[in-house]
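Index from 1, following the sequence. Given the structure is predicted, the values throughout are model-derived calculations rather than measurements.
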Amino acid sequence: MITKLNKDKIKEIKIALYKIAREMGEDEDPNIQNLTNFGVTITKEEIVNFSCRHRCFFITEPFQEQKYEELRKELENSFLYSKLEDLISVMWKNGKKFMKYPYKVEEYVISDNIFDDLEEEHEIKWTNYTEKDWEEIKKLESWKKCEAQVTREIIALNICDKLNI
């Protein structure tokens, strides 16, 4: 798959990506953990093939009638090719009512966050690689896992901001 990048550079990037993806034993993101105290969960369940410009994960949170109705209307307009009942639902868990709905994040925001993490935490500058190199790197399984985790962390940060946590 990776043809022109040397093995040491690839190994360094893979390790950094797995660390960002928290695949090497790192603790879960503090914002994701904090949300669980409020009954909010960012699942690892992704809507696959939703959009080439977004990644989309499901959120479960305590049911709120007004928010549920607002979300239904919003989802009807933004997910035109999906059945609404596949996107938003109400469920009971431990005697409490919850709602489950998708939350989307733009791909460029995810990539920018990954590049920032690579540079700040792992001293890997994206400018040291060509566009062709990054096309190859983005095909790696470690990149895909990193994208998923970073998306969940962005969602958690956005929700924490809205809840003033």
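Taking the side chain as every heavy atom from C-beta outward, Lys138 and Glu147 never approach each other to under 4.5 Å. With a 4.5 Å cut-off on side-chain heavy atoms, Glu123 and Glu119 do not count as touching.
One N or O on the side chain of Asp133 and one on the backbone of Thr130 form a donor-acceptor pair closer than 3.5 Å. Judged purely by atom type and a 3.5 angstrom limit, Arg152 uses its side chain to pair as donor or acceptor with the backbone of Ile42. Side-chain atoms of Thr43 come within 3.5 Å of backbone atoms of Glu45 as a donor-acceptor pair (strictly under, hydrogens ignored). Remark: side-chain polar atoms of Trp134 are paired, donor with acceptor, to backbone N or O of Trp126 under 3.5 angstrom.
With Glu61 as the fixed residue, the salt bridge (charged side-chain N to carboxylate O under 4.0 Å, His left out) test singles out one of Lys96, Lys93, Lys67, Lys97: Lys67.
Here the closest heavy-atom approach between residue Asp27 and residue Arg22 is recorded as O-NH1, 2.5 Å. Considering all non-hydrogen atoms of both residues, Cys56 and Glu46 come closest at O-CG, 3.1 Å. Scanning both residues, Pro62 and Met99, for their nearest heavy atoms gives O-CE, 3.9 Å. The two residues Ile20 and His122 have their closest heavy-atom pair at CG1-NE2, 3.8 Å. Listed here is the closest heavy atom pair of Thr60 and Met91: CG2-CE, 3.7 Å.
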Please table the atom pairs, donor to acceptor, closer than 3.5 Å between any side-chain atom in residues 30-39 and protein atoms at least two apart or in another chain.
from	atom 1	to	atom 2	distance (Å)
Asn34	ND2	Pro30	O	3.4
Thr36	OG1	Gln33	O	2.5

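At a threshold of 4.5 Å between side-chain heavy atoms, the hydrophobic network of Ile, Leu, Val, Met, Phe, Trp and Tyr places Ile154 and Leu163 in one connected group.
Here ring pair (Phe, Tyr, Trp, His ring centres under 6.0 Å) pairs that include residues 142-165, with residues two or more places apart or in two chains, are Phe115-Trp143.
A salt bridge between Glu106 and Arg53 is absent, with no side-chain N of the basic residue lying under 4.0 Å from a carboxylate O of the acidic one.
Taking the six-membered ring for Trp and the full ring otherwise, Phe58 and Tyr101 have centroids separated by 6.0 Å or more.
Residues Gln149 and Glu26 bring no donor and acceptor atom of their side chains to less than 3.5 Å of each other.
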